[in-house]
Novice: 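One structure is given below, represented as C-alpha coordinates, and several questions about it will come after.
Lettering follows sequence order; numbering is per chain, from 1.
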Number of protein chains: 2
Amino acid sequence: MARRKEHTHDEIRAMATAAVLQHLAVESLDSLSLRKVAQVVGYVPSTLVNLFGSYQGLLLAVAELTLDQLYQCLVSNAQVSQAYDSNPLEAMANAYQQFAFEQPRAFQLIFELKATDEQGLSEHHARLIAQLFALIESCLGELLPELSGEQRLLASRALWGGVHGLVCLALDDKLFAPGISIEEAIRHHIAVQLKGLGYHKEALCC
Amino acid sequence: MARRKEHTHDEIRAMATAAVLQHLAVESLDSLSLRKVAQVVGYVPSTLVNLFGSYQGLLLAVAELTLDQLYQCLVSNAQVSQAYDSNPLEAMANAYQQFAFEQPRAFQLIFELKATDEQGLSEHHARLIAQLFALIESCLGELLPELSGEQRLLASRALWGGVHGLVCLALDDKLFAPGISIEEAIRHHIAVQLKGLGYHKEALCC
DNA sequence: GCAAAATAAAAAACAATGTTCATAATAAGA
DNA sequence: TCTTATTATGAACATTGTTTTTTATTTTGC
(Lines give C-alpha, C1' and ligand atoms only; values in the text may rest on other atoms or scores of the structure.)
Protein backbone atom coordinates (compact mmCIF):
# COMPACT_ATOMS: atom_id res chain seq x y z
CA MET A 1 0.00 0.00 0.00
CA ALA A 2 1.17 3.44 -0.84
CA ARG A 3 1.13 6.44 1.39
CA ARG A 4 2.63 9.70 0.37
CA LYS A 5 1.72 11.65 3.43
CA GLU A 6 1.86 11.00 7.09
CA HIS A 7 -1.80 10.24 7.76
CA THR A 8 -3.88 7.11 7.80
CA HIS A 9 -7.26 7.02 6.16
CA ASP A 10 -9.01 7.35 9.46
CA GLU A 11 -6.89 10.32 10.32
CA ILE A 12 -7.76 12.04 7.08
CA ARG A 13 -11.41 11.25 7.67
CA ALA A 14 -11.21 12.77 11.12
CA MET A 15 -9.44 15.83 9.80
CA ALA A 16 -12.03 16.34 7.10
CA THR A 17 -15.05 16.00 9.37
CA ALA A 18 -13.37 18.27 11.89
CA ALA A 19 -12.80 20.85 9.19
CA VAL A 20 -16.46 20.74 8.22
CA LEU A 21 -17.55 21.12 11.83
CA GLN A 22 -15.17 23.98 12.33
CA HIS A 23 -16.60 25.72 9.30
CA LEU A 24 -20.17 25.12 10.42
CA ALA A 25 -19.31 26.64 13.77
CA VAL A 26 -18.92 29.96 12.02
CA GLU A 27 -20.41 29.96 8.56
CA SER A 28 -23.24 28.45 6.61
CA LEU A 29 -23.05 25.11 4.88
CA ASP A 30 -23.43 26.40 1.39
CA SER A 31 -20.43 28.64 1.76
CA LEU A 32 -18.47 25.43 2.10
CA SER A 33 -17.29 23.15 -0.66
CA LEU A 34 -15.43 19.92 -1.09
CA ARG A 35 -12.49 21.81 -2.50
CA LYS A 36 -12.28 24.10 0.48
CA VAL A 37 -12.34 21.18 2.87
CA ALA A 38 -9.64 19.50 0.86
CA GLN A 39 -7.49 22.60 0.95
CA VAL A 40 -7.90 22.98 4.70
CA VAL A 41 -6.85 19.42 5.45
CA GLY A 42 -4.01 19.60 2.97
CA TYR A 43 -5.35 17.05 0.56
CA VAL A 44 -7.04 17.09 -2.79
CA PRO A 45 -10.75 16.75 -3.64
CA SER A 46 -10.45 13.35 -5.25
CA THR A 47 -8.78 11.97 -2.15
CA LEU A 48 -11.76 12.91 -0.04
CA VAL A 49 -14.08 11.42 -2.63
CA ASN A 50 -12.11 8.21 -2.38
CA LEU A 51 -12.59 8.17 1.38
CA PHE A 52 -16.20 9.34 1.65
CA GLY A 53 -17.64 8.32 -1.70
CA SER A 54 -18.77 11.84 -2.41
CA TYR A 55 -19.11 15.26 -0.88
CA GLN A 56 -22.52 14.23 0.35
CA GLY A 57 -20.90 11.26 1.98
CA LEU A 58 -18.58 13.55 3.88
CA LEU A 59 -21.50 15.67 5.05
CA LEU A 60 -23.35 12.56 6.09
CA ALA A 61 -20.38 11.46 8.13
CA VAL A 62 -20.40 14.83 9.87
CA ALA A 63 -24.11 14.50 10.53
CA GLU A 64 -23.61 11.10 12.11
CA LEU A 65 -20.78 12.38 14.21
CA THR A 66 -22.90 15.25 15.46
CA LEU A 67 -25.84 12.96 16.09
CA ASP A 68 -23.55 10.79 18.13
CA GLN A 69 -22.46 13.74 20.23
CA LEU A 70 -26.06 14.80 20.66
CA TYR A 71 -27.08 11.37 21.84
CA GLN A 72 -24.25 11.19 24.34
CA CYS A 73 -25.14 14.65 25.55
CA LEU A 74 -28.72 13.60 26.18
CA VAL A 75 -27.71 10.42 27.94
CA SER A 76 -25.39 12.18 30.34
CA ASN A 77 -27.90 14.92 31.02
CA ALA A 78 -30.55 12.37 31.81
CA GLN A 79 -28.19 10.67 34.26
CA VAL A 80 -27.28 13.92 35.94
CA SER A 81 -30.92 14.84 36.33
CA GLN A 82 -31.64 11.49 37.91
CA ALA A 83 -28.90 12.14 40.42
CA TYR A 84 -30.54 15.43 41.29
CA ASP A 85 -33.98 13.82 41.29
CA SER A 86 -35.37 16.30 38.79
CA ASN A 87 -37.38 15.55 35.70
CA PRO A 88 -35.10 13.75 33.23
CA LEU A 89 -37.35 14.55 30.28
CA GLU A 90 -37.07 18.23 30.89
CA ALA A 91 -33.34 17.91 31.40
CA MET A 92 -32.96 16.12 28.09
CA ALA A 93 -35.18 18.54 26.27
CA ASN A 94 -33.13 21.40 27.59
CA ALA A 95 -29.95 19.67 26.56
CA TYR A 96 -31.43 19.13 23.13
CA GLN A 97 -32.30 22.77 22.80
CA GLN A 98 -28.98 23.92 24.13
CA PHE A 99 -27.06 21.66 21.80
CA ALA A 100 -29.07 22.92 18.85
CA PHE A 101 -28.49 26.55 19.69
CA GLU A 102 -24.81 26.10 20.43
CA GLN A 103 -24.12 24.65 17.00
CA PRO A 104 -27.20 25.37 14.93
CA ARG A 105 -25.73 24.57 11.55
CA ALA A 106 -24.36 21.22 12.60
CA PHE A 107 -27.65 20.40 14.28
CA GLN A 108 -29.64 21.27 11.20
CA LEU A 109 -27.32 19.16 9.11
CA ILE A 110 -28.53 16.10 10.99
CA PHE A 111 -32.10 16.55 9.91
CA GLU A 112 -31.90 18.43 6.66
CA LEU A 113 -29.68 15.89 4.99
CA LYS A 114 -32.12 14.26 2.65
CA ALA A 115 -32.26 10.54 2.29
CA THR A 116 -32.76 10.99 -1.44
CA ASP A 117 -29.29 9.68 -2.15
CA GLU A 118 -29.33 6.34 -3.78
CA GLN A 119 -27.70 5.00 -0.65
CA GLY A 120 -30.16 6.64 1.70
CA LEU A 121 -29.49 7.16 5.35
CA SER A 122 -26.86 4.96 6.84
CA GLU A 123 -27.77 2.18 9.18
CA HIS A 124 -25.87 3.90 11.92
CA HIS A 125 -27.67 7.16 11.38
CA ALA A 126 -31.07 5.52 11.61
CA ARG A 127 -30.11 3.51 14.64
CA LEU A 128 -28.95 6.62 16.45
CA ILE A 129 -32.27 8.38 15.96
CA ALA A 130 -34.09 5.27 17.03
CA GLN A 131 -31.91 5.06 20.13
CA LEU A 132 -32.73 8.64 20.93
CA PHE A 133 -36.42 7.80 20.90
CA ALA A 134 -35.78 4.70 22.94
CA LEU A 135 -34.17 6.91 25.54
CA ILE A 136 -37.29 9.04 25.73
CA GLU A 137 -39.48 5.98 25.93
CA SER A 138 -37.46 4.63 28.79
CA CYS A 139 -37.71 7.86 30.77
CA LEU A 140 -41.39 7.98 30.08
CA GLY A 141 -41.75 4.43 31.28
CA GLU A 142 -40.20 5.34 34.60
CA LEU A 143 -42.35 8.40 35.09
CA LEU A 144 -45.55 6.71 33.99
CA PRO A 145 -45.24 2.97 34.45
CA GLU A 146 -48.94 2.48 33.96
CA LEU A 147 -48.76 3.34 30.27
CA SER A 148 -49.10 0.53 27.78
CA GLY A 149 -46.41 -0.10 25.19
CA GLU A 150 -48.30 1.60 22.44
CA GLN A 151 -49.25 4.50 24.66
CA ARG A 152 -45.64 4.96 25.60
CA LEU A 153 -44.61 4.85 21.96
CA LEU A 154 -47.18 7.45 21.03
CA ALA A 155 -46.36 9.62 23.99
CA SER A 156 -42.62 9.55 23.33
CA ARG A 157 -43.10 10.60 19.71
CA ALA A 158 -45.50 13.36 20.58
CA LEU A 159 -43.26 14.53 23.37
CA TRP A 160 -40.10 14.62 21.32
CA GLY A 161 -41.74 15.66 18.12
CA GLY A 162 -42.88 18.71 20.00
CA VAL A 163 -39.46 19.44 21.41
CA HIS A 164 -37.91 18.96 17.99
CA GLY A 165 -40.49 21.12 16.26
CA LEU A 166 -40.12 23.93 18.76
CA VAL A 167 -36.36 23.85 18.50
CA CYS A 168 -36.40 23.79 14.70
CA LEU A 169 -38.80 26.70 14.44
CA ALA A 170 -36.96 28.69 17.08
CA LEU A 171 -33.64 28.11 15.35
CA ASP A 172 -34.93 29.79 12.24
CA ASP A 173 -36.73 32.55 14.12
CA LYS A 174 -40.03 31.16 12.95
CA LEU A 175 -41.69 30.78 16.31
CA PHE A 176 -42.93 34.35 16.43
CA ALA A 177 -43.56 34.26 20.14
CA PRO A 178 -42.42 37.67 21.37
CA GLY A 179 -41.23 37.66 24.94
CA ILE A 180 -41.19 33.91 25.20
CA SER A 181 -37.94 32.02 25.33
CA ILE A 182 -37.41 28.61 23.87
CA GLU A 183 -36.78 27.31 27.36
CA GLU A 184 -40.18 28.47 28.49
CA ALA A 185 -41.86 26.99 25.45
CA ILE A 186 -40.23 23.64 26.00
CA ARG A 187 -40.94 23.61 29.72
CA HIS A 188 -44.55 24.41 28.99
CA HIS A 189 -44.79 21.74 26.33
CA ILE A 190 -43.42 19.03 28.55
CA ALA A 191 -45.47 20.06 31.56
CA VAL A 192 -48.69 20.12 29.57
CA GLN A 193 -47.87 16.88 27.83
CA LEU A 194 -47.11 15.10 31.08
CA LYS A 195 -50.21 16.47 32.73
CA GLY A 196 -52.25 15.35 29.74
CA LEU A 197 -50.78 11.90 30.19
CA GLY A 198 -51.85 11.82 33.80
CA TYR A 199 -48.60 12.68 35.51
CA HIS A 200 -49.24 14.85 38.55
CA LYS A 201 -46.02 14.72 40.52
CA GLU A 202 -44.52 17.90 39.16
CA ALA A 203 -46.06 21.32 39.43
CA LEU A 204 -46.83 23.00 36.13
CA CYS A 205 -44.95 26.12 35.25
CA CYS A 206 -48.14 27.96 34.36
CA MET B 1 -40.40 49.47 -23.37
CA ALA B 2 -39.11 46.45 -25.13
CA ARG B 3 -40.63 43.03 -25.15
CA ARG B 4 -39.44 40.33 -27.44
CA LYS B 5 -41.86 37.69 -26.31
CA GLU B 6 -45.53 37.62 -25.56
CA HIS B 7 -45.41 37.57 -21.76
CA THR B 8 -45.49 40.20 -19.06
CA HIS B 9 -43.13 40.04 -16.14
CA ASP B 10 -45.82 38.70 -13.88
CA GLU B 11 -46.62 36.04 -16.39
CA ILE B 12 -43.02 34.95 -16.60
CA ARG B 13 -42.82 34.92 -12.81
CA ALA B 14 -45.91 32.75 -12.66
CA MET B 15 -44.53 30.42 -15.29
CA ALA B 16 -41.23 30.08 -13.49
CA THR B 17 -42.71 29.36 -10.06
CA ALA B 18 -45.13 26.92 -11.66
CA ALA B 19 -42.24 25.15 -13.33
CA VAL B 20 -40.44 24.81 -10.01
CA LEU B 21 -43.55 23.46 -8.32
CA GLN B 22 -44.12 21.03 -11.13
CA HIS B 23 -40.58 19.77 -10.77
CA LEU B 24 -40.87 19.46 -7.00
CA ALA B 25 -44.01 17.42 -7.47
CA VAL B 26 -41.86 14.69 -8.94
CA GLU B 27 -38.20 15.20 -8.21
CA SER B 28 -35.88 16.58 -5.59
CA LEU B 29 -34.87 20.20 -5.37
CA ASP B 30 -31.22 19.66 -6.02
CA SER B 31 -31.92 17.97 -9.31
CA LEU B 32 -33.30 21.33 -10.39
CA SER B 33 -31.36 24.33 -11.57
CA LEU B 34 -31.95 27.85 -12.71
CA ARG B 35 -30.99 26.88 -16.22
CA LYS B 36 -33.50 24.06 -16.33
CA VAL B 37 -36.28 26.32 -15.14
CA ALA B 38 -35.30 28.86 -17.75
CA GLN B 39 -35.39 26.26 -20.46
CA VAL B 40 -38.80 24.99 -19.40
CA VAL B 41 -40.40 28.42 -19.45
CA GLY B 42 -38.68 29.32 -22.70
CA TYR B 43 -36.49 32.06 -21.30
CA VAL B 44 -32.89 32.44 -20.42
CA PRO B 45 -31.22 32.30 -16.98
CA SER B 46 -30.35 35.96 -16.83
CA THR B 47 -33.95 36.91 -17.48
CA LEU B 48 -35.08 34.99 -14.41
CA VAL B 49 -32.31 36.59 -12.42
CA ASN B 50 -33.60 39.96 -13.51
CA LEU B 51 -37.06 39.08 -12.27
CA PHE B 52 -36.23 37.25 -9.05
CA GLY B 53 -32.86 38.72 -8.15
CA SER B 54 -31.29 35.28 -8.00
CA TYR B 55 -32.06 31.61 -8.13
CA GLN B 56 -32.57 31.71 -4.40
CA GLY B 57 -35.05 34.51 -4.95
CA LEU B 58 -37.03 32.31 -7.28
CA LEU B 59 -37.08 29.50 -4.74
CA LEU B 60 -38.15 31.93 -2.05
CA ALA B 61 -41.01 33.05 -4.23
CA VAL B 62 -42.07 29.43 -4.61
CA ALA B 63 -41.85 28.94 -0.86
CA GLU B 64 -44.07 31.94 -0.25
CA LEU B 65 -46.55 30.74 -2.80
CA THR B 66 -46.71 27.35 -1.16
CA LEU B 67 -46.99 28.87 2.28
CA ASP B 68 -49.89 30.92 1.00
CA GLN B 69 -51.63 27.81 -0.26
CA LEU B 70 -50.99 26.07 3.03
CA TYR B 71 -52.45 28.92 5.02
CA GLN B 72 -55.56 29.06 2.86
CA CYS B 73 -55.89 25.31 3.19
CA LEU B 74 -55.79 25.53 6.97
CA VAL B 75 -58.29 28.37 7.08
CA SER B 76 -60.82 26.57 4.96
CA ASN B 77 -60.39 23.34 6.89
CA ALA B 78 -60.94 25.16 10.15
CA GLN B 79 -64.14 26.65 8.79
CA VAL B 80 -65.43 23.33 7.53
CA SER B 81 -64.73 21.69 10.86
CA GLN B 82 -66.65 24.43 12.63
CA ALA B 83 -69.62 23.73 10.40
CA TYR B 84 -69.46 20.08 11.41
CA ASP B 85 -68.89 21.01 15.04
CA SER B 86 -65.71 18.95 15.29
CA ASN B 87 -62.40 20.00 16.75
CA PRO B 88 -60.94 22.70 14.48
CA LEU B 89 -57.44 22.19 15.82
CA GLU B 90 -57.43 18.57 14.86
CA ALA B 91 -58.89 19.43 11.48
CA MET B 92 -56.14 21.96 10.84
CA ALA B 93 -53.44 19.64 12.05
CA ASN B 94 -54.69 16.97 9.72
CA ALA B 95 -54.82 19.41 6.84
CA TYR B 96 -51.25 20.44 7.68
CA GLN B 97 -50.10 16.86 7.64
CA GLN B 98 -52.00 16.03 4.47
CA PHE B 99 -50.62 19.06 2.69
CA ALA B 100 -47.10 18.16 3.70
CA PHE B 101 -47.40 14.59 2.53
CA GLU B 102 -49.07 15.50 -0.73
CA GLN B 103 -46.24 17.78 -1.77
CA PRO B 104 -43.38 17.00 0.57
CA ARG B 105 -40.64 18.77 -1.36
CA ALA B 106 -42.60 22.00 -1.68
CA PHE B 107 -43.51 21.83 1.98
CA GLN B 108 -39.93 21.33 3.04
CA LEU B 109 -38.89 24.23 0.87
CA ILE B 110 -40.92 26.53 3.10
CA PHE B 111 -38.93 25.70 6.18
CA GLU B 112 -35.56 24.66 4.90
CA LEU B 113 -34.96 27.86 3.01
CA LYS B 114 -32.41 29.50 5.21
CA ALA B 115 -32.70 33.12 6.12
CA THR B 116 -28.95 33.42 5.73
CA ASP B 117 -29.35 35.44 2.55
CA GLU B 118 -28.33 39.00 2.97
CA GLN B 119 -31.95 39.87 2.36
CA GLY B 120 -33.31 37.34 4.82
CA LEU B 121 -36.87 36.17 4.85
CA SER B 122 -39.33 38.41 3.13
CA GLU B 123 -41.82 40.42 5.10
CA HIS B 124 -44.61 38.48 3.46
CA HIS B 125 -43.07 35.14 4.36
CA ALA B 126 -42.74 36.08 8.00
CA ARG B 127 -46.24 37.52 8.14
CA LEU B 128 -47.69 34.33 6.72
CA ILE B 129 -46.11 32.18 9.40
CA ALA B 130 -47.22 34.62 12.06
CA GLN B 131 -50.76 34.51 10.66
CA LEU B 132 -50.68 30.76 10.83
CA PHE B 133 -49.89 30.92 14.50
CA ALA B 134 -52.54 33.56 15.01
CA LEU B 135 -55.04 31.15 13.52
CA ILE B 136 -54.07 28.51 16.05
CA GLU B 137 -54.25 31.02 18.87
CA SER B 138 -57.71 32.05 17.82
CA CYS B 139 -58.97 28.47 17.75
CA LEU B 140 -57.39 27.85 21.10
CA GLY B 141 -59.07 30.93 22.47
CA GLU B 142 -62.46 29.58 21.49
CA LEU B 143 -61.84 26.16 22.94
CA LEU B 144 -60.31 27.44 26.16
CA PRO B 145 -61.50 30.99 26.77
CA GLU B 146 -60.21 30.92 30.31
CA LEU B 147 -56.58 30.94 29.19
CA SER B 148 -54.62 34.14 29.63
CA GLY B 149 -52.94 35.78 26.68
CA GLU B 150 -49.52 34.42 27.54
CA GLN B 151 -50.91 30.98 28.24
CA ARG B 152 -52.61 30.99 24.88
CA LEU B 153 -49.42 32.08 23.19
CA LEU B 154 -47.43 29.33 24.88
CA ALA B 155 -50.08 26.73 24.21
CA SER B 156 -50.39 27.62 20.53
CA ARG B 157 -46.64 27.32 20.00
CA ALA B 158 -46.37 24.06 21.85
CA LEU B 159 -49.38 22.72 20.03
CA TRP B 160 -48.20 23.66 16.58
CA GLY B 161 -44.56 23.09 17.25
CA GLY B 162 -45.53 19.53 18.04
CA VAL B 163 -47.59 19.12 14.91
CA HIS B 164 -44.81 20.60 12.84
CA GLY B 165 -42.14 18.46 14.46
CA LEU B 166 -44.11 15.27 14.01
CA VAL B 167 -44.81 16.07 10.38
CA CYS B 168 -41.19 16.96 9.66
CA LEU B 169 -39.84 13.82 11.25
CA ALA B 170 -42.45 11.63 9.59
CA LEU B 171 -41.74 13.16 6.19
CA ASP B 172 -38.15 12.00 6.41
CA ASP B 173 -39.01 8.63 7.91
CA LYS B 174 -37.32 9.63 11.11
CA LEU B 175 -40.19 8.98 13.49
CA PHE B 176 -39.38 5.31 13.88
CA ALA B 177 -42.78 4.45 15.26
CA PRO B 178 -43.63 1.11 13.69
CA GLY B 179 -47.33 0.53 13.29
CA ILE B 180 -48.25 4.07 14.13
CA SER B 181 -49.52 6.43 11.48
CA ILE B 182 -48.83 10.12 11.44
CA GLU B 183 -52.55 10.71 11.84
CA GLU B 184 -52.58 8.74 15.07
CA ALA B 185 -49.52 10.54 16.37
CA ILE B 186 -51.05 13.93 15.67
CA ARG B 187 -54.40 13.00 17.11
CA HIS B 188 -52.68 11.75 20.23
CA HIS B 189 -50.56 14.87 20.51
CA ILE B 190 -53.51 17.23 20.24
CA ALA B 191 -55.65 15.21 22.59
CA VAL B 192 -52.97 15.02 25.24
CA GLN B 193 -52.08 18.65 24.83
CA LEU B 194 -55.70 19.78 25.17
CA LYS B 195 -56.23 17.55 28.15
CA GLY B 196 -53.10 18.92 29.73
CA LEU B 197 -54.48 22.39 29.18
CA GLY B 198 -57.64 21.46 30.97
CA TYR B 199 -59.96 20.84 28.05
CA HIS B 200 -62.33 17.96 28.79
CA LYS B 201 -65.01 18.19 26.14
CA GLU B 202 -63.49 15.71 23.75
CA ALA B 203 -62.76 12.09 24.48
CA LEU B 204 -59.13 11.10 24.21
CA CYS B 205 -58.16 8.67 21.54
CA CYS B 206 -56.26 6.50 23.95
C1' DG C 1 17.54 -7.48 -3.52
C1' DC C 2 14.99 -6.51 -7.52
C1' DA C 3 11.56 -6.27 -10.77
C1' DA C 4 6.61 -6.24 -11.24
C1' DA C 5 2.25 -5.48 -9.70
C1' DA C 6 -0.89 -2.98 -6.84
C1' DT C 7 -2.40 1.03 -4.84
C1' DA C 8 -2.79 5.56 -3.01
C1' DA C 9 -2.58 10.42 -3.83
C1' DA C 10 -2.44 14.05 -7.07
C1' DA C 11 -3.33 16.35 -11.34
C1' DA C 12 -5.99 17.29 -15.00
C1' DA C 13 -10.16 17.16 -17.56
C1' DC C 14 -15.19 17.54 -17.61
C1' DA C 15 -19.78 18.87 -17.41
C1' DA C 16 -22.82 21.73 -14.99
C1' DT C 17 -23.88 25.40 -11.94
C1' DG C 18 -25.27 30.60 -10.56
C1' DT C 19 -24.05 35.07 -11.74
C1' DT C 20 -22.28 39.03 -14.41
C1' DC C 21 -21.57 41.82 -18.35
C1' DA C 22 -21.80 43.51 -22.83
C1' DT C 23 -24.71 43.35 -26.94
C1' DA C 24 -28.48 43.38 -29.94
C1' DA C 25 -33.33 44.09 -30.44
C1' DT C 26 -37.42 46.41 -29.40
C1' DA C 27 -40.59 49.99 -27.82
C1' DA C 28 -41.46 54.84 -26.54
C1' DG C 29 -40.77 59.92 -27.09
C1' DA C 30 -39.54 63.85 -29.74
C1' DT D 1 -38.04 59.21 -38.44
C1' DC D 2 -34.50 59.44 -35.36
C1' DT D 3 -33.05 59.15 -30.72
C1' DT D 4 -33.18 57.17 -26.30
C1' DA D 5 -34.26 54.06 -22.85
C1' DT D 6 -35.21 49.47 -21.79
C1' DT D 7 -35.26 44.52 -22.04
C1' DA D 8 -34.14 39.99 -23.20
C1' DT D 9 -30.30 37.69 -24.68
C1' DG D 10 -25.88 35.35 -25.42
C1' DA D 11 -21.38 34.92 -24.24
C1' DA D 12 -18.00 34.96 -20.56
C1' DC D 13 -16.60 33.85 -15.83
C1' DA D 14 -15.53 31.71 -11.65
C1' DT D 15 -16.71 27.77 -8.99
C1' DT D 16 -18.76 23.56 -8.11
C1' DG D 17 -18.68 17.95 -7.59
C1' DT D 18 -17.13 14.20 -10.03
C1' DT D 19 -14.40 11.24 -13.27
C1' DT D 20 -10.41 9.93 -15.46
C1' DT D 21 -5.59 9.87 -16.13
C1' DT D 22 -0.92 10.24 -14.33
C1' DT D 23 2.47 9.94 -11.10
C1' DA D 24 4.63 8.31 -7.10
C1' DT D 25 5.05 5.03 -3.58
C1' DT D 26 4.64 0.65 -1.27
C1' DT D 27 3.94 -4.08 -1.28
C1' DT D 28 4.47 -8.53 -3.36
C1' DG D 29 6.67 -12.46 -5.91
C1' DC D 30 10.63 -14.49 -7.12
Novice: Without decimals, in angstroms, what is the distance between B:Q39 CD and D:dG10 C1'?
Specialist: 15 Å
Novice: Not counting sequence neighbours, list each pair that qualifies as a salt bridge (charged side-chain N to carboxylate O under 4.0 Å, His left out) and has a residue in residues 154-169 of chain B.
Specialist: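 Sorted result for residues 154-169 of chain B: B:E137-B:R157.
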Novice: Tell me every residue that passes side-chain hydrogen bond (donor to acceptor under 3.5 Å, both in side chains) with B:E183, counting only those two or more places apart in sequence or in another chain.
Specialist: B:S181
Novice: I need the full list of side-chain hydrogen bond (donor to acceptor under 3.5 Å, both in side chains) pairs touching residues 10-27 of chain A, with sequence neighbours left out, sorted by first then second residue.
Specialist: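 Sorted pair list: A:D10-A:R13, A:H23-A:S31, A:E27-A:S31.
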Novice: Please check: side-chain N/O of B:Q151 versus main-chain N/O of B:S148, any donor-acceptor pairing under 3.5 Å?
Specialist: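 Pair found, side chain donor or acceptor close to backbone of B:S148.
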Novice: Starting at NE2 of A:H7 and ending at C1' of C:dA8, how long is that distance when rounded to a whole Å?
Specialist: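 From A:H7 NE2 to C:dA8 C1': 15 Å.
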Novice: Atom CG of B:L48 to atom P of D:dG10: distance rounded to whole Å?
Specialist: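 My rounded result for the distance is 13 Å.
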Novice: Please report, rounded to the nearest Å, how far the C1' atom of C:dG18 is from the CG atom of A:D30.
Specialist: 12 Å
Novice: D:dA8 phosphate, OP1 or OP2: any side-chain N/O from B:H9 under 4.0 angstrom?
Specialist: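 Yes, because at least one side-chain N or O of B:H9 sits under 4.0 Å from OP1 or OP2 of D:dA8.
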Novice: Whole angstroms only, please: what is the CG-C1' distance between B:N50 and C:dA22?
Specialist: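 To the nearest whole Å, that distance equals 13 Å.
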Novice: Output the single nucleotide from C:dA9, D:dG10, D:dA8 whose closest atom is nearest the side chain of B:V44.
Specialist: D:dG10
Novice: Give me each pair satisfying side-chain hydrogen bond (donor to acceptor under 3.5 Å, both in side chains) with a member in residues 98-108 of chain B, each pair once, sequence neighbours excluded.
Specialist: none
Novice: Rounded to whole angstroms, how far apart are CD on B:E11 and P on D:dA8?
Specialist: 12 Å
Novice: Polar atom pairs between nucleotides 16-20 of chain D and protein, under 3.5 Å, N or O only, would you list them?
Specialist:
unit_1 : atom_1 : unit_2 : atom_2 : d
D:dT16 : OP1    : A:S33  : OG     : 3.3
D:dG17 : OP1    : A:L34  : N      : 2.8
D:dG17 : OP2    : A:L34  : N      : 3.0
D:dG17 : OP2    : A:R35  : N      : 3.4
D:dG17 : N7     : A:R35  : NH1    : 2.4
D:dG17 : O6     : A:R35  : NH1    : 2.9
D:dT18 : OP2    : A:Y55  : N      : 2.7

Novice: Using the test ring-ring contact (aromatic ring centres under 6.0 Å, His included), find all partners of A:F133 that sit at least two apart in sequence or belong to another chain.
Specialist: none
